[in-house]
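Quick notes on the structure that follows.
As the structure is a prediction and not an experimental result, all values here were calculated from the model. Within every chain, numbering begins at 1; the chains are lettered A, B, ... in the order of the sequence lines, protein sequences first and strands thereafter.
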Amino acid sequence: MARVLKQFTLPPSLLFPQGWSGTVPDLRRIQEALAGRVSLRNAFRSLPRWIAGVDVGLGRFAKIARAAAVLVDSRTLLPVAEAVVEQPVALPYIPGLLSFRELPVVLQALAQLPRRPDLLMCDGQGIAHPRRFGIAAHLGVATGLPSIGVAKSILVGTHDSLPGRQGAQRPLLIDGEGVGTVLRSRAGCAPLIVSPGHRIGIERAADFVMAMLTRYRLPEPTRLADRLSKPPRDTEHR
DNA sequence: GCGACAG
DNA sequence: ATCTTGTCGC
């Protein structure tokens, strides 16, 4: 059952005031209001043990959203629990409003985990967003849990040129304000865009992501969730 | 008015 | 996000 979700802090009415529906301007106003609940204060001094990665994959014609939540033990970087939930897609993808499309099913998947994560990592932006309220920030505020956004590309913001070596970092700026970190997680790969979601600062968010890297471009929690969220591909050829 | 635009 | 085989570089 929904063991974890019941422990989450805010009631649905406060998480999504318009019940996920409404016009684009309506949804933007919701983000502006909820952005005020985001905290950049660090909830942890060092990497906590239980980290959940979440991601959403779409079927062939984007009819079904498949959310995956993978609980990883940061001491071993190995998965200790997984959950997958599928649900019809309710909204189209609109840049800047991703969370309204993906969060409903993500919350369902998180609810299936056997224990409450200490920290969440998800695909997409945290505060590196036009209204400082990307999906990672929304997820953090919705659950009350610390969260970090790990995106594969920039939504908004600029940065100085980034060295090619692994570990290189540059601040991501929006109108001169630091909102995240452009991080070369792996040499020869496009950098990751790391930004705080909730209850963590810019610098520590990048540190925690680095601590979860192995040989791949994505940190383990997100990488595993990404794989799990992909619908099984047809192998049949008539 | 014209592009840009997480997943 | 998804559609897709082979191929070039760290």
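- Between the side chain of A:S99 and the main chain of A:G134, no donor-acceptor pair closer than 3.5 Å is present.
- Minimum atom distance to the side chain of A:R60 is reached by C:dC3, of the listed C:dC3, C:dC10, C:dT2.
- Minimum interatomic distance between A:R66 and A:L228 (heavy atoms only, all atoms of both residues): NE-O, 2.9 Å.
- A distance of 6.5 Å separates CG in A:L71 from CH2 in A:W50, rounded to the nearest 0.5 Å.
- Judged by closest nucleotide on DNA chain C, A:K230 is the one of A:K230 and A:R186 placed further toward the 5' end.
- Taking CZ from A:F208 and CD1 from A:I200, the interatomic distance works out to 5.0 Å, rounded to the nearest 0.5 Å.
- Residue A:L228 contributes atom CG, which lies 15 Å from atom P of C:dA1 at whole-angstrom precision.
- Base pairing in DNA chain B gives no stem of 3 or more Watson-Crick or G-U pairs under 3.5 Å.
- Interatomic distance, A:R49 CZ to A:R115 CZ, rounded to the nearest 0.5 Å: 8.0 Å.
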Result block: side-chain N/O donor-acceptor pairs under 3.5 angstrom for residues 172-186 of chain A, not counting sequence neighbours:
{"from": "A:E177", "atom 1": "OE1", "to": "A:R132", "atom 2": "NH2", "distance (Å)": "2.7"}
{"from": "A:R184", "atom 1": "NE", "to": "A:P163", "atom 2": "O", "distance (Å)": "3.1"}
{"from": "A:R184", "atom 1": "NH1", "to": "A:C189", "atom 2": "O", "distance (Å)": "2.8"}
{"from": "A:R184", "atom 1": "NH2", "to": "A:L162", "atom 2": "O", "distance (Å)": "3.1"}
{"from": "A:R184", "atom 1": "NH2", "to": "A:P163", "atom 2": "O", "distance (Å)": "3.2"}
{"from": "A:S185", "atom 1": "OG", "to": "A:R217", "atom 2": "O", "distance (Å)": "2.6"}
{"from": "A:R186", "atom 1": "NH1", "to": "A:R215", "atom 2": "O", "distance (Å)": "3.2"}

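- Between the side chains of A:D226 and A:S229, no donor-acceptor pair is found at a separation under 3.5 Å.
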Check: Going 5' to 3' along nucleotides 1-7 of chain B, which nucleotides have protein heavy atoms under 4.0 Å from the base (write B), which only from the sugar-phosphate (write S), and which from neither (write -)?
Finding: ----BBB
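- Atoms CG and CZ, from A:D123 and A:R223 in turn, are 13.0 Å apart once rounded to the nearest 0.5 Å.
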